Amino acid sequence: MDGSTRLASTPWPEVARDELVVAVPVGSFEQHGPHLPLDTDTRIASAVARAITGVVAAPAIAYGASGEHEGFPGTISIGSDVLETVLVEYGRSACRWARRVVFVNGHGGNGPALVKAVELLRYEGRDAAWLPCAVPGADAHAGRTETSLLLHLSPDDVAMDRAEPGNTAPIVELMPQLRSGGMLAATPNGILGDPTGASEEEGERLFADLVRRADKAVENWAPRPDGRLV
Ligand SMILES: [Zn+2]
């Protein structure tokens, strides 16, 4: 599964200056329904970052912008402004010795902070970029997609006996409700989607696809104006 070196366990003289591409998982700490762990997004982003070929995988930035989930106990959000500042300072520091930094994002709510931070880093002449751990056609939150991925990555921490459908309405329809009352107003159990059909096999396939696209994006290294690699 691992395509990369781990930065945390590497002594500094072995960190090859100026040649490195550092992959930084950016996760969240937020409710993921009654059956998935709070650090679900961080686990997915970390696994993808570690599987990208030819990069050095850094430890995750394990908190993100999760304000919409704060109605649920356990959720901790540092907010978009603070996350943006963290990402900017992170990129400035890492780019003192790394050639490139790619933030591997596991949580959609981190998007605006990532775009702004990477835009600034690139304006300053630092070769930063980001990519999402996005599955085409996925349900929105703690549903079949994330549950399948976790069944593949962390099967012991998935409580399938507690998996139940959440609000399955399309996200565009839910947006007004989500904006005014957060997740709690849209879904009492915290799920957008239906995790009941999730499986390890599906997770393995989805994960391989995420890694394949991340690999290609890093290899191509052609950041869009918003800093995203495609
Ligand atoms: Zn998630």
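First listed ligand is number 1; within each ligand, the first listed atom is number 1. Remember, it's a predicted structure, so these values are computed and weren't measured experimentally. Both backbone and side-chain heavy atoms feed into the values below; hydrogens, waters and symmetry mates do not.
The hydrophobic cluster containing Ile171 does not contain Val135, counting ILVMFWY residues as joined when their side-chain heavy atoms lie under 4.5 angstrom apart, directly or transitively.
Val230 shares a hydrophobic cluster with no other residue; no ILVMFWY side chain has heavy atoms under 4.5 Å from its own.
No other N/O/S atom of Asp41 lies as close to the Zn ion (ligand 1) as OD1 does. Residue Glu146 approaches the Zn ion (ligand 1) most closely through its N/O/S atom OE2.
Taking 2.8 Å as the threshold, His32 counts as a candidate ligand of the Zn ion (ligand 1), since one of its N, O or S atoms lies below it.
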| task | Would you please test Ser148 and Glu200 for side-chain contact (heavy atoms from CB on, under 4.5 Å) and show each step? | result | CA-CA 6 Å; Ser148 293; Glu200 196 277 327; over 6 Å; no

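Considering only heavy atoms from C-beta on, Val21 stays 4.5 Å or farther from Val56 through its side chain.
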